[in-house]
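The structure appears right after this line, and notes come after that.
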2 protein chains.
Amino acid sequence: MNDSAFIKNIASLVDCNRDALQSLRSMKIESSTTGRGYDISKSGYRSEFICIMLEGWAARYSLRSDGSRRITGFLLPGDFCGIHAVCQSAMDHSIGAITSCVVGRVHVNVVQKIIDDYPEIGRAFWQAKLRDEISLRAWLVVADDALHSISYLLCEIFEKLGALKRKRTDFVTLPITQTHIGDALGLTAVHVNRTLRRMREMGLIDTKGRALRVLDVARLKNVAGF
Amino acid sequence: MNDSAFIKNIASLVDCNRDALQSLRSMKIESSTTGRGYDISKSGYRSEFICIMLEGWAARYSLRSDGSRRITGFLLPGDFCGIHAVCQSAMDHSIGAITSCVVGRVHVNVVQKIIDDYPEIGRAFWQAKLRDEISLRAWLVVADDALHSISYLLCEIFEKLGALKRKRTDFVTLPITQTHIGDALGLTAVHVNRTLRRMREMGLIDTKGRALRVLDVARLKNVAGF
DNA sequence: CGCCCTTTTGAAGAAAATCAAGGGCAGTGG
DNA sequence: CCACTGCCCTTGATTTTCTTCAAAAGGGCG
C-alpha cells in the first residue's frame, strides 16, 4: 500500500519489466511527515533528494513580491518532485503541504543508478516531466476565464483521483480550499466562490462544505475544454 | 554559423567534452524553410524528428475553442522543440513561424544515440526542458498584472537575445507584433498597446514602430521581478 | 463554548475586454 | 509613380470581468 501509488504512476507511463519495477520497489526510501501548511521543499534549495508523495496533498507554489501566492501545480500520492536534483539545479519554486503529508525521500544517486540500469525508467521520468509541462501549458491556455479555469482544474483533479483508483471520482471531499483554487488560477477566493455558485446554478456541480459532486461530467469537461 | 547557436545553447547548459560536441556537430540535419505564419509542427502530430531553430522566430501556441490563440513560449535560433518524439508522445501544442524560419530536423534515433553515447548531452536536454518548465511557471506567476507580464516577457526576450551574442541587446527591432505579446500573456492587443504606452510614459522603454529600446534595464527588471 | 478558518454575500472600484474608428507604413499592382 | 490594400499601431467610449473592502454566517476543534 505504501509506495504503490508511485510504482503505479511510473508503470502507467512506460512498459517496464519486472526487474525494473523491483528495483524501484527496493529503493532505499526515507520517509517523514510534513505538517499541513509547512514546506516540503523550499525555493532556492539545492537538494540531493527526490521527493515522492506517499500520503496527502501538496502544491508547487511561488510567492510574488506583493506577498500573494501562485500555485503552479498540485501533488497527489504517487507524484514526485525535486527531479531538479538530477541536474543539480536549485528549486525555482517551493512545495507546500496542503494537508499533512507523508513524503519519501530518495537520494539522487539511487535514482540515477536505476535510470542508468533501466532506461525505460528514465523514459518514465521524462514522461512524467512532460505531463507536468503539458499541465502547465494547459493552465496558461485556460487562464482566460474563471469558469473555464475552474472547470478545467476540477477535471484535472478528478482525473488524477481516478488514476488513484478511488471507487467514486465524481463525489469527493477535496482537501483544498477556495483560496487554494484561486491561488492556482490567479483569481481571488471571492471570485472563485461566486463562480462556483454560478456552476451550481448551471447544474454542473453540487457542493456541501468541501464535499464536491460533479453532476454532469460530460458537460463539465465540455465547459473546461478538457 | 549554421547550427552554432544550437551547439552554444547545449554547451552552455552542461560541461561537455570535445567528442560530445563533435557528435552534435556531425548530426545529420535536414533543414528546410517555413514561411511566416505557417506551422512548423502541428498539435496532435507524432513526429519522429526533433526540430532545431536555425533562423527566425517561432512560437509554441494552442488554439482555444473560441478561436483565440495562446502563445506559451517563443523559440529563437538555437532553441529546439519536439523532444516529445523521444517519448513517442503526440504534440500537445503547435509551433508557428512568426518570421520565415529555417528549421533543422534530426531523427529521434540520431538524438537517442548521441544521448546514449554522451550522458552529458542527455543532461543538457534535461536542463533545456527544465528551463522551459521554469519559464512556463514564471509566466503563470507574473500573469496577475499587464505591466508585470509585459516587463517580464521583454526581460526574458532580451536575455535570450543576449545569449545569442548580439552587440546591442537593449535596442532591438523585434519581429513580434503587439498581438503576439497579447497572445503570449493572455491580454488583448489593445491592452498591450495601452500598457506599452504607460511604460513609455514611465520612461522604461521607447518604441518606434517595432523597434524597441530599453531605457532603464535595471528598473525594467525590477518592475518585472526578473 | 468560544475561536479560527472558511464560505458566502453585498457594494464599490479597478483592470481588462470589447467595439469602433482613424492613421501609418510597406508591399503590390496598375 | 501613385493609388490601393492589408496589416499593424493608436486612441476613445463603453461594458464586462474581476478585485477590493466589508461583514455576516457556518463548521470543526481544542
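Remember, predicted model here, so these are calculated numbers, not experimental data. Per chain, numbering begins at 1; letters A, B, ... match sequence-line order.
- Using modelled atom types, one finds a donor on one side chain and an acceptor on the other under 3.5 Å when comparing A:Y61 with A:D39.
- As judged by a 4.0 angstrom heavy-atom cut-off over every strand, A:R36 is placed among residues touching the sugar-phosphate backbone only.
- With hydrogens and angles ignored, the 3.5 Å screen pairs no side-chain donor or acceptor of A:R70 with any backbone N or O of B:V142.
- Between B:E133 and B:K129, none of the side-chain N atoms (NZ, or NE/NH1/NH2) sits under 4.0 Å from a carboxylate O, so this pair counts as no salt bridge.
- At the phosphate of C:dT9, OP1 or OP2 sits under 4.0 Å from a side-chain N or O atom of A:R197.
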Protein proximity profile, nucleotides 20-30 of chain D - base contact B, sugar-phosphate-only contact S, no contact -, cut-off 4.0 Å on heavy atoms: BB---------

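- Among the heavy atoms of the strands, none lies under 4.0 Å from A:A189.
- Checked against D:dC8, C:dT6, D:dC18, the side chain of A:L187 finds its nearest nucleotide in D:dC18.
- No more than 12 heavy atoms of other residues, nucleotides or ligands sit less than 6.0 Å from atom CD of B:E30.
- Distances shorter than 4.0 Å separate none of the side-chain N or O atoms of A:Q178 from OP1 or OP2 on C:dC5.
- A:D79 places no side-chain N or O within 3.5 Å of a backbone atom of A:M53 that could act as its donor or acceptor partner.
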Side chain to side chain contact (heavy atoms under 4.5 Å, CB included) assessment of A:L154 paired with A:M199: CA-CA 12 Å; A:L154 290 181; A:M199 290 172 73; 4.1 Å; yes

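- For D:dC9, the OP1/OP2 oxygens have no side-chain nitrogen or oxygen of B:N193 closer than 4.0 Å.
- Counting any heavy atom pair closer than 4.0 Å across all strands shown, A:G186 reaches sugar-phosphate atoms only and no base atom.
- Side-chain atoms of B:R210 lie closest to D:dC9 of the nucleotides D:dC9, D:dC7, C:dT6.
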